[in-house]
2 protein chains.
Amino acid sequence: MREKADSDLVRRQNRLLLLEALRQHGAMARVDMGRHTGLSPASITSISSQLIGDGILEEAHTPHTAAEGPQRRGRPTTQIDFNPKGANVVAVKVSIDGLELALADARGAILARRTSRSATHDADSAAFGKLVADEITALLTKARVPTRRVARVGIAVQGVADSQAGTVVWSPAFRGRNISVAAAIEERLGIACRVANDANMIAEGLIGSDRKRYGGTAAVVFMGWGVGMGLIINGQVYHGPTGAAAEFGHMNHLPDGPLCRCGRRGCVEAYVADYSLLRWASGHAATQPPSSNAIPPDDMLALEAAAHRGEPAAVSAYAKAGEALGFGLARLIAILTPARIVLAGPGTRAMPLIRPHLERALEQGVVDELRRTVEIEVVPIDTDMIIKGTIDRALRHVDREIFAHGPLKKGRELETVA
Amino acid sequence: MREKADSDLVRRQNRLLLLEALRQHGAMARVDMGRHTGLSPASITSISSQLIGDGILEEAHTPHTAAEGPQRRGRPTTQIDFNPKGANVVAVKVSIDGLELALADARGAILARRTSRSATHDADSAAFGKLVADEITALLTKARVPTRRVARVGIAVQGVADSQAGTVVWSPAFRGRNISVAAAIEERLGIACRVANDANMIAEGLIGSDRKRYGGTAAVVFMGWGVGMGLIINGQVYHGPTGAAAEFGHMNHLPDGPLCRCGRRGCVEAYVADYSLLRWASGHAATQPPSSNAIPPDDMLALEAAAHRGEPAAVSAYAKAGEALGFGLARLIAILTPARIVLAGPGTRAMPLIRPHLERALEQGVVDELRRTVEIEVVPIDTDMIIKGTIDRALRHVDREIFAHGPLKKGRELETVA
DNA sequence: AACATTTTTTTGGACGCCGAAATAAAACAA
DNA sequence: TTGTTTTATTTCGGCGTCCAAAAAAATGTT
């Protein structure tokens, strides 16, 4: 109970209700909107016609060929969907070896992509801001979309992002700390911009893909070059008080454990991440500082093969990873008891090697009653999930902050209409 | 966005807004309500006069003696407050050695108390339901308050409560498991009833006492006969998907650690709880099953004194507790980064002994950047906080579920009016 | 006694919802 | 072909709640 209720709130809330139904179920007739929102047909007519007038939705004039099933009696429905020209969003994924960009329309369809191998590692706020802004401009030029049509930019990074301040607090992609990103983009391009952790964006994408399944309380653990986590609490991706994401990867497993990239010892990541597995297997001391170079995928494949062949060092590396991951999840369950834990990322390829040890750790670490209520599933996520999640999140934000507000009288003059 | 918005929602929301302002700041004039809620004077007049008509609020006809400050110019204000006769609530605290009850009016003032030493340990659902119902009846008889005036009963227990099902999943107060409580009360007395974990009720009480301070994201750790936690996320006490509270006490600290009451090994509780400290200090094997008897407070005082005198076994017990607690909090911070961690309960008496080890563990277990954003404070909580929190929570629920709904036309005929 | 100042109530208008009735657009039936 | 049935959508009038502006109330000040 935050906001006072008046007719303005009613309009926003119901417009948003309708937009959300459309996002979730795709194009639908007015009747279906009524079913999904609980609003009366009269209200649906009124709201939808306004949204169409605002250029946000449009009636599908499909020659009804794609009509599902046999034609039923009665007046045929007219499908309504987002107007693709209503607004655009841009998603940017920052990784160690470059940038990946995508431009999407209001329906979430990707219109153009762009990849850049520019080195970001040594960039400071100014340089990185310019780089991203230039890349976005190039992407828009290619797609012939004017800048003012872009309602929002979402940026996903590995590491700790402060989404409130719009900065990258710490990331393996940068040598520096507290790189300010959002402000630079907003200043250079005049587009609202949001920075977020990449695991959170995967969580966002999962919510978008199946609200039933992932909409309650769930944790998404990303295993690969590092270990990240996105937390969904009551259907919302959790950003802590400071806007930073959960740092499951840097949760301690054992005091005085192996050295982690973050400088502490015994973090979960120092057992489970790619570099950690290789370090165990190569017989190097656990106190050896982890390499900061990117790891060629082939190295991991070779390690997995070795473990499958039964080579002791490799087998034991995965055993240690499984135990650390299992106790980590056990601790997570003790605190939050999420309904579902999703393991994702390239690291899950080795799940058959890890799983038995993970399960054993869970048995040791969690009371049976709790363990049974948590479902653990493995989703081999294609990397594009980060981009898609970023787009999803940006669009949901546009729905809420721009589309739901109705005819933008005064104030921002964002040209969202064709 | 869950609910469709219509005039009904508007009324509920604004009535609730006003009631919450009143709960938080106490009696106030209509002007102040306008300031707190953002509603226009016209609306405030309308809403407040309806609430008064419903018997929920009342004008204070104090002879303005208590008027603060020198009389100012202009029409004097009329204070408005909850009508104490609007509704009553009952709070019940269940502990190992008996029941503690309190009856409060709509302002939260406690009208009557009752303590009972009845043994609950061997009770099953039926017997316990009867016991609680009888105790409540006796309390009401003493206070001459008819049963139908009680809008809600809140029950706080140690251990795991499923607040959705209204059952006690597991508690040191009971030998049995899954004791159904809420249903029994509702059936016998016809009063809505809610079961909750006692640490959660402390959290609820803290929110009520200082929303600014505890209203964001915070964790309340209770240290004493056991270790419990209440989690506040975005201003709301978190109840997991199953309605169970956080089980910080049974979060694993070290694999193969000391045996815990829950049957696992290495739980935080097995280092920090009263029985664990005594076990370390007495030199018993860590695999010795913990005693299930209540521990006399004097034993703990003696142990503290021994540690202050520097007896090695006692000192080391507190060192181990501090380390376990510190790493436990470090893991909590990695996952949620709460803005504030509150340590509470009798166990905090020994904080001077524990603190240095706790701090050292935090340094080892948490990235500096995160550690700095978390404030850790010690609050020596009087036991009554659980009762007060339970009352608070019950009243807030009455505000939301009954008072905000307006003149109860059809349906429930709960006589809330004098 | 007249004015100033602050709080509270009254009045009239706006907005957005809803139910009921009307209209639209098809399939089906004679 | 023409009417009937069926389903989708729009139109219309009423209702509830908000707000701004004006009025009333209650007191202090001059």
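Note that the structure is predicted; figures quoted are calculated from it, not measured. The chains referred to below are lettered A, B, ... by the order of the sequence lines, with proteins before strands, and numbering in each begins at 1.
Closest non-hydrogen pair, A:M28 versus A:A21, comes out as CE-O, 3.4 Å.
Between the CG atom of B:L9 and the C1' atom of C:dC15 there is a distance of 15 Å, rounded to whole Å. For B:M33 and C:dT6, the CE to P distance is 21 Å, given to the nearest whole Å. Counting to the nearest Å, the C1' atom of D:dC18 and the NZ atom of A:K4 are 9 Å from each other. A:E59 places its CD atom 11 Å from the P atom of C:dA25, with the value rounded to the nearest Å. A:L16 places its CG atom 15 Å from the P atom of C:dG16, with the value rounded to the nearest Å. Nucleotide C:dC17 holds its C1' atom 14 Å from the CG atom of A:D6, rounded to whole Å. A straight line from CG of B:D32 to C1' of C:dT6 spans 12 Å, rounded to a whole angstrom. In this structure, A:I44 atom CD1 and C:dC17 atom P are separated by 9 Å, rounded to whole Å.
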Give every pair of a protein N or O atom and an N or O atom of nucleotides 15-17 of chain D that lie under 3.5 Å apart, one pair per line with the distance.
from	atom 1	to	atom 2	distance (Å)
D:dT17	OP1	B:R11	NE	2.5

Between the protein and nucleotides 12-14 of chain C, which nitrogen or oxygen pairs are less than 3.5 angstrom apart?
none

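More than 12 non-hydrogen atoms from other residues, nucleotides or ligands lie less than 6.0 angstrom from CD of B:Q24.
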Applying side chain to side chain contact (heavy atoms under 4.5 Å, CB included) to B:R23 and B:L19, what does each step give before you reach the verdict? CA-CA 6 Å; B:R23 281 264 171 251; B:L19 293 171; 5.6 Å; no
Checking side chain to side chain contact (heavy atoms under 4.5 Å, CB included) for the pair B:R340/B:Y214: CA distance, chi angles, key distance, verdict? CA-CA 8 Å; B:R340 190 175 291 278; B:Y214 304 107; 3.6 Å; yes
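In the set C:dA27, C:dC18, D:dC19, C:dA27 carries the atom at the smallest distance from any side-chain atom of A:R73. For A:R75, whose side chain is taken as the heavy atoms from C-beta onward, the closest listed nucleotide among D:dC18, D:dT7, D:dA25 is D:dT7. Checked against C:dT8, D:dC19, D:dT9, the side chain of A:T77 finds its nearest nucleotide in D:dT9. Comparing D:dC18, C:dC18, C:dT9 against the side chain of B:T45 picks out C:dT9 as the nearest. Closest to the A:V31 side chain, of the nucleotides C:dT9, C:dA26, D:dT9, is D:dT9.
At least one side-chain heavy atom of B:D6 sits under 4.5 Å from a side-chain heavy atom of B:K4. Two residues are said to be in side-chain contact when any heavy atoms from C-beta on lie closer than 4.5 Å; A:N200 and A:H239 meet this criterion. Counting heavy atoms from C-beta on, the side chains of B:Q13 and B:L16 never come closer than 4.5 Å.
One finds a side-chain N or O of A:T78 lying less than 4.0 angstrom from the OP1 or OP2 phosphate oxygen of D:dT9. Side-chain nitrogen and oxygen atoms of B:S43 include at least one within less than 4.0 Å of the OP1 or OP2 phosphate oxygen of D:dC19. A close approach under 4.0 Å does not occur between any side-chain nitrogen or oxygen of A:R72 and OP1 or OP2 of C:dC28. Checking the phosphate oxygens (OP1, OP2) of C:dT9, a side-chain nitrogen or oxygen of B:R30 falls inside 4.0 Å.
When each of B:S40 and A:G74 is assigned the nucleotide of DNA chain D bearing its nearest heavy atom, the one mapping closer to the 5' terminus is A:G74.
Tested against B:E204, the residues B:K388, B:Q236, B:R396 include a single side chain to side chain donor-acceptor pair (under 3.5 Å) partner, B:R396.
Across the helix from C:dA1-D:dT30 to C:dA30-D:dT1, the helix axis at one end is tilted relative to the axis at the other end by 30° (nearest 10 degrees, each axis from five pairs).
The stretch residues 205-217 of chain A participates, sequence neighbours left out, in these salt bridge (charged side-chain N to carboxylate O under 4.0 Å, His left out) pairs: A:R213-A:E377. Counting only residues at least two apart or in different chains, ring pair (Phe, Tyr, Trp, His ring centres under 6.0 Å) contacts with residues 10-43 of chain A comprise A:H25-A:H36.
Ion pairing of A:R11 with A:D8 is present here, as a side-chain N (NZ or NE/NH1/NH2) and a carboxylate O approach within less than 4.0 Å.
With sequence neighbours left out, A:R194 forms a side-chain hydrogen bond (donor to acceptor under 3.5 Å, both in side chains) with no residue at all.
When only modelled atom types and interatomic distance are considered, B:R30 and B:T78 share a side-chain donor-acceptor pair under 3.5 Å.
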